[in-house]
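Here's the structure we're looking at; comments come further down.
For the single chain, residues carry numbers from 1 onward in sequence order.
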Amino acid sequence: MTRYALRRLLASVPVVCVASFILFWAVRATFDPLAKLRQSVDPTGLRRETVRLGLDRSLPEQYLLWVKGFVQGDWGTSTRTGGTVLPMVGDALGTTLQLVLWGVALAVVLALAIGLYSAARQYSAGDHVLTGLSYLGVAMPAFWFGLVLIQVLAVWPKQQFGLADPPLYFVGLHSVGHGGFDLDYLRHLVLPVVTLTVGLVASWSRFGRATLLEALSSDYVRTARAKGVPRRRILLRHALRNALAPFVTVVAMDTAALVGGLVVTEQIYSIPGMGKLFLASLETGDVFVLLPWMFVVAVAVILFNLLADLSYALLDPRVALR
């Protein structure tokens, strides 16, 4: 498996190179890195900055210069804030990964539990209720659900009971003067994680139910039933194990998308993560942030794809890694 992982990583290098060049070309064609300077710098200073940034060279040469700086840790300076890009992206990525970790972990547990229940009791009253709720969760806009949570679980209790602070916070991940894993952090974490989790549980539970029902209709399950194997053992040891492989693949792919796709959630709760950083950089045309941001998200997608492939071999020994 180690050799397979190394081969996949090496095979991903050309994909990363092609993807990064396409991203570089698209950003360069869309945004002007010197747009802000053109309004305040004289022509001599503008030419000097053009040469310093290598913008007077051909596109392939500009790309190679950018790759060299990226590998060396020189990601440039943000035109929006004037800060170094590397720590900006690093801090935003760390914040987003916290939300993704808690949200995905909670969603996986709930989705598997709901999928198991619905598959084991197909067409029962509970299955119909959970199916209806899952459709509601898929259709419900995240921005609307987040605002409802803020009103119901934070604003309303504070006003109704005359509290000095709301029971749950809805701005950032820490209050001023706080840090680390403490009660303040958990009070900030609940609302954005719930907002994220509801949509994931709704879609993943439906997928889990479908894969479990397919596994339960397989020949080996019918053979186990004919041998008198208990229903609980069939469900947990036989059907669930075979249904986990495609389930984990979907989870891995969706998790990769979440690394750069929490724009709405982070905007609602003012969380300085990857989504909020992307939106702010896009609005101001901050090329020096957009390029590393897109590259980091692309690498995340490739890595989670690799994890999905490796999980197949771990969960299903019939899959050969070549």
Side-chain angles (χ1 to χ4, degrees), residues 93-122 126-127 129-140 142 145-146 149 173 181 185-186 188-216 232-262 264-266 269 271 273-275 297 300-317 319:
L93 180 62
T95 300
T96 295
L97 288 178
Q98 292 180 57
L99 293 179
V100 171
L101 174 65
W102 290 107
V104 168
L106 181 60
V108 166
V109 173
L110 293 177
L112 283 178
I114 294 173
L116 280 168
Y117 177 88
S118 295
R121 295 169 173 80
Q122 186 181 15
D127 180 33
V129 170
L130 292 173
T131 299
L133 291 176
S134 67
Y135 290 150
L136 179 63
V138 171
M140 192 163 46
F145 183 61
L149 287 180
L173 288 182
F181 188 87
Y185 173 70
L186 293 177
H188 280 84
L189 197 65
V190 170
L191 292 180
V193 168
V194 171
T195 303
L196 169 64
T197 300
V198 166
L200 296 178
V201 171
S203 58
W204 291 353
S205 63
R206 292 300 87 199
F207 185 80
R209 176 183 182 273
T211 55
L212 278 166
L213 287 175
E214 183 180 356
L216 288 172
R232 181 184 181 88
R233 185 176 179 183
I234 291 175
L235 187 64
L236 296 179
R237 294 196 59 183
H238 297 277
L240 179 60
R241 182 173 181 179
N242 285 276
L244 275 179
F247 180 83
V248 169
T249 302
V250 171
V251 170
M253 295 301 299
D254 287 350
T255 303
L258 290 175
V259 173
L262 291 179
V264 174
T265 302
E266 292 177 354
Y269 297 104
I271 296 173
M274 292 287 282
V297 173
V301 171
I302 292 173
L303 290 178
F304 277 101
N305 263 313
L306 175 61
L307 290 176
D309 289 343
L310 295 178
S311 69
Y312 252 105
L314 291 174
L315 295 171
D316 191 348
V319 176

(request) Taking side-chain contact (heavy atoms from CB on, under 4.5 Å) as the test, write out the residues that go with Leu136, two or more places apart. (result)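 side-chain contact (heavy atoms from CB on, under 4.5 Å) list for Leu136, sorted by chain: empty.
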
(message) Applying side-chain contact (heavy atoms from CB on, under 4.5 Å), can you list everything that pairs with Glu214, at least two apart in sequence or on another chain?
(response)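 side-chain contact (heavy atoms from CB on, under 4.5 Å) list for Glu214, sorted by chain: empty.
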
Show me the donor-acceptor pairs, under 3.5 Å and distance only, between side chains in residues 95-117 and residues at least two apart or in other chains.
residue: Thr95; atom: OG1; partner: Asp91; partner atom: O; Å: 3.0
residue: Thr96; atom: OG1; partner: Ala92; partner atom: O; Å: 3.2
residue: Thr96; atom: OG1; partner: Glu266; partner atom: OE2; Å: 2.7
residue: Thr96; atom: OG1; partner: Met274; partner atom: N; Å: 2.7
residue: Gln98; atom: OE1; partner: Tyr185; partner atom: OH; Å: 2.8
residue: Trp102; atom: NE1; partner: Tyr185; partner atom: OH; Å: 3.4

Show me the donor-acceptor pairs within less than 3.5 Å that the side chains of residues 193-201 make with the rest of the protein, sequence neighbours left out.
residue: Thr195; atom: OG1; partner: Leu191; partner atom: O; Å: 2.8
residue: Thr195; atom: OG1; partner: Tyr269; partner atom: OH; Å: 2.7
residue: Thr197; atom: OG1; partner: Val193; partner atom: O; Å: 2.6

(request) For the residue pair Ile271 and Pro192, establish whether any side-chain heavy-atom pair is separated by less than 4.5 Å. (result)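 With C-beta onward as the side chain, the pair touches.
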
[X] [atom1] to [Y] [atom2] distance, which is reported to the nearest 0.5 Å:
X	Y	atom1	atom2	value
Leu244	Thr211	CG	OG1	8.0 Å
Leu307	Ile302	CG	CD1	12.5 Å
Leu212	Phe207	CG	CZ	10.0 Å

(request) Taking ring-ring contact (aromatic ring centres under 6.0 Å, His included) as the test, write out the residues that go with His238, two or more places apart. (result)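 ring-ring contact (aromatic ring centres under 6.0 Å, His included) list for His238, sorted by chain: empty.
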
(message) Walk me through whether Leu189 and Leu173 qualify under side-chain contact (heavy atoms from CB on, under 4.5 Å).
(response) CA-CA 6 Å; Leu189 197 65; Leu173 288 182; 3.9 Å; yes

With a cut-off of 3.5 Å and sequence neighbours excluded, list every side-chain donor-acceptor pair involving residues 245-259.
residue: Thr249; atom: OG1; partner: Ala245; partner atom: O; Å: 3.1
residue: Asp254; atom: OD2; partner: Trp204; partner atom: NE1; Å: 2.7
residue: Thr255; atom: OG1; partner: Val251; partner atom: O; Å: 2.6

Taking every non-hydrogen atom, the tightest pair across [X] and [Y]:
X	Y	result
Leu216	Ala119	CD1-O, 4.0 Å
Leu235	Ala120	CD2-CB, 3.8 Å
Ala202	Arg206	O-CG, 3.3 Å

(message) Go through it in stages, so that I can follow the logic: the residues are Arg209 and Asp127, the test is side-chain contact (heavy atoms from CB on, under 4.5 Å), and I'd like the CA-CA distance, side-chain angles, deciding distance and then a yes or no.
(response) CA-CA 10 Å; Arg209 176 183 182 273; Asp127 180 33; 2.9 Å; yes

